[in-house]
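Only one structure is covered here, and it is reproduced in the block below.
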Amino acid sequence: MKFTIFFLAAGIILLSVAIVFDINYFNYKRPIPYSQFRKISFYDFKAFKRPDITLNGFKEFAYIKTNRRIHYLNNGNVEITTYFHPSRSYVFAQNIRDLDLLTHELYHFHISEYYTRLLRKEILGNPKNISDNMIIRLNKKYYEFENEMQLNYDEDTYHSYVMQEQKKWEIKIDSLLQSLESFSNPLIHIRSKE
Amino acid sequence: MFQLIFKKDRIISLFVWSFLSFSVIKCLSIFIYSFVNTFLYEAFLYSFLFFIYFFIVKVRFGSRLNYLHYITSSFLFVIGIIMFSYGYYKLVMLDNDYFNLNFFIAILISNLIFSSLLFLLTLIKRK
C-alpha cells in the first residue's frame, strides 16, 4: 500500500510540473476571441517557456497557440469562434517592444481565423442538412489545411526574420480574410428553431 | 497461467508504475523538447522504466517474472501509457494538438525489443 501511495503521489507531483509547462495555471488568462485581436500584446503571452529552448539557435522568439471552438446553441444555431490562448502562448521576454515579432505571431491568429471563416462558409453552403458529426469532420479537415499553411508561413518568413516574405504573407492573409469578410460573424444560423 | 499476473495488487502496482513512468516522461519532455526524433528517446526511456518493474515485482512480491508474464505485463504497461496519454490529451491539450498513435506503436516495439534484451541480461546474470 505504501508503495502505491508513494508512487502515485510522486506521479501526481511530476505530472503537475509537466502540466504547468503546457498551460500556465499560476498566471491564467482566459482565451481571447478573434474579435479582440487588436488588444493583444506580448504581456498576454503568459505561458512558461521551456528551459533553454531555442529556435534553430535563436533565443528571441515567441509561440502563439490558437484554436477554434464550436458552440451548439439551444436554438439549433452554431457559434464558431477562433481563440488565442494566453496561458499556452509564450515569448522569450514579455517586456520587449518588437512589433515585427508580435505582428508575425498575430498573423498566425489571422490564419486560424481565415480557416474558421472557410468552415463557416462551408456550413452555410448546406445549412439544412448539416449534422454535428459533419461539422466535427469539417473542423478536422480545416485544422489540417490550417496546420499546413501555418508551417508554410513560418518556413517562408523564417519566423518573421525575412521581412520581405513577411510583408508578402501579410498582404496575402489580409486579402484572404477580406475575401471572406461576409463570414466574419461567429454566429451561424442553421437548423434554427426560432 | 496468467492468474498470477492478473491478481488485483499486481495489476494496481503495474498501473501505478505506468502512471509514474508517464509522469516522469512528461516531466522530462520539458527538457528534451528540442531534440531531433524526441519520440525515439521517449520510447527508449519507457522501455527502460518498464524494465525497472521487473525488480519492483521481485522486491514487492518476492517472485521473479518469467518471460511470458514479463511480455504480458509489457503490453498492459503500454495500454496504461495510452490511457494516461489520452486522458492528458483530453483534459489538458486542445483539439488541434497532436495525439500520435504511431508513438505508442514505437513504445510497444521498443518494449518488445529493448526490454526483452534487458530481460535476457538478467537471465545471463543469474546463470
Side-chain angles (χ1 to χ4, degrees), chain A residues 1-25 31 47-59 61 63 65-70 82-85 87-89 108 111-112 115-116 136 139-147 150, chain B residues 7-36 38 42 45-46 49-50 52-63 77 80-81 83-101:
Chain A
M1 195 64 184
K2 272 183 187 170
F3 157 90
T4 309
I5 292 168
F6 175 75
F7 282 176
L8 210 56
I12 290 167
I13 291 166
L14 288 172
L15 197 59
S16 307
V17 174
I19 288 172
V20 167
F21 278 89
D22 276 325
I23 174 164
N24 185 359
Y25 282 108
F48 285 122
K49 195 166 76 72
R50 289 164 196 256
D52 285 330
I53 188 172
T54 59
L55 184 75
N56 300 332
F58 291 103
K59 285 190 171 176
F61 72 98
Y63 170 77
K65 183 70 193 172
T66 61
N67 85 328
R68 71 181 71 91
R69 283 187 192 166
I70 302 169
T82 316
Y83 282 98
F84 156 64
H85 293 265
S87 300
R88 295 172 191 266
S89 307
H108 278 295
I111 291 173
S112 298
Y115 281 98
T116 303
I136 291 166
N139 189 30
K140 274 188 183 169
K141 183 180 89 176
Y142 282 110
Y143 268 143
E144 281 170 25
F145 292 151
E146 184 194 327
N147 281 344
Q150 300 278 20
Chain B
K7 273 186 175 175
K8 194 182 159 191
D9 52 350
R10 288 211 178 192
I11 286 285
I12 289 172
S13 299
L14 181 60
F15 277 93
V16 166
W17 184 249
S18 70
F19 173 68
L20 181 64
S21 305
F22 169 73
S23 306
V24 167
I25 300 293
K26 267 279 158 208
C27 215
L28 277 178
S29 70
I30 295 167
F31 302 98
I32 60 171
Y33 180 77
S34 53
F35 283 22
V36 180
T38 311
E42 291 188 3
L45 283 168
Y46 269 124
L49 284 167
F50 173 70
I52 295 173
Y53 180 71
F54 175 84
F55 297 101
I56 288 171
V57 170
K58 201 173 148 188
V59 171
R60 191 152 182 245
F61 303 105
S63 63
F77 177 80
I81 299 296
M83 275 166 47
F84 297 125
S85 301
Y86 191 70
Y88 189 87
Y89 170 73
K90 279 285 169 192
L91 294 172
V92 179
M93 307 307 278
L94 294 175
D95 58 346
N96 59 345
D97 284 313
Y98 289 109
F99 183 74
N100 191 357
L101 261 177

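Each chain gets a letter, A, B and so on, in the order the sequences are listed, and its residues count up from 1.
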Whether over 12 other heavy atoms sit under 6.0 Å from Y86(B) OH: no
I23(A) versus chain B, the contacting section by heavy-atom distance below 4.5 Å: side chain
Qualifying residue, where the test is side-chain contact (heavy atoms from CB on, under 4.5 Å) with K26(B) and the options are L15(A), V17(A), L14(A): L15(A)
Interface moiety of F22(B) toward chain A, non-hydrogen atoms closer than 4.5 Å: side chain
Under 4.5 Å from any heavy atom of chain B - which part of R69(A): neither
Trace of the side chain to side chain contact (heavy atoms under 4.5 Å, CB included) decision for F3(A) with V59(B): CA-CA 11 Å; F3(A) 157 90; V59(B) 171; over 6 Å; no
Contact origin within I56(B) toward chain A - heavy atom pairs under 4.5 Å: side chain
Part of F7(A) lying under 4.5 Å from any heavy atom of chain B: both
Trace of the side chain to side chain contact (heavy atoms under 4.5 Å, CB included) decision for T66(A) with L94(B): CA-CA 9 Å; T66(A) 61; L94(B) 294 175; over 6 Å; no
Worked check of side chain to side chain contact (heavy atoms under 4.5 Å, CB included) between N96(B) and K65(A): CA-CA 10 Å; N96(B) 59 345; K65(A) 183 70 193 172; 3.4 Å; yes
Among I19(A), I13(A), N139(A), residue most engaged with chain B (heavy-atom pairs, under 4.5 Å): I19(A)
Residues that T82(A) engages under side chain to side chain contact (heavy atoms under 4.5 Å, CB included), provided they are two or more places apart: Y34(A), F109(A), S112(A), E113(A), T116(A)
From D22(A) atom CG to L91(B) atom CG, the distance as rounded to the nearest 0.5 Å: 12.5 Å
Pair M93(B)-N67(A), side chain to side chain contact (heavy atoms under 4.5 Å, CB included): steps then yes or no: CA-CA 11 Å; M93(B) 307 307 278; N67(A) 85 328; over 6 Å; no
Portion of F15(B) that has a non-hydrogen atom of chain A nearer than 4.5 angstrom: neither
Over 12 non-hydrogen atoms of neighbours within 6.0 angstrom of CZ in F99(B): yes
Nearest heavy-atom neighbours spanning I12(A) and F19(B): N-CE2, 3.6 Å
Max heavy-atom pair count under 4.5 Å with chain A, selected residue of S21(B), S23(B), C27(B): S23(B)
Contacts of type salt bridge (Lys or Arg N to Asp or Glu O under 4.0 Å), residue K141(A), not counting sequence neighbours: E122(A)
Distance in Å, I30(B) CD1 paired with F21(A) CZ, rounded so as to fall on 0.5 Å steps: 4.5 Å
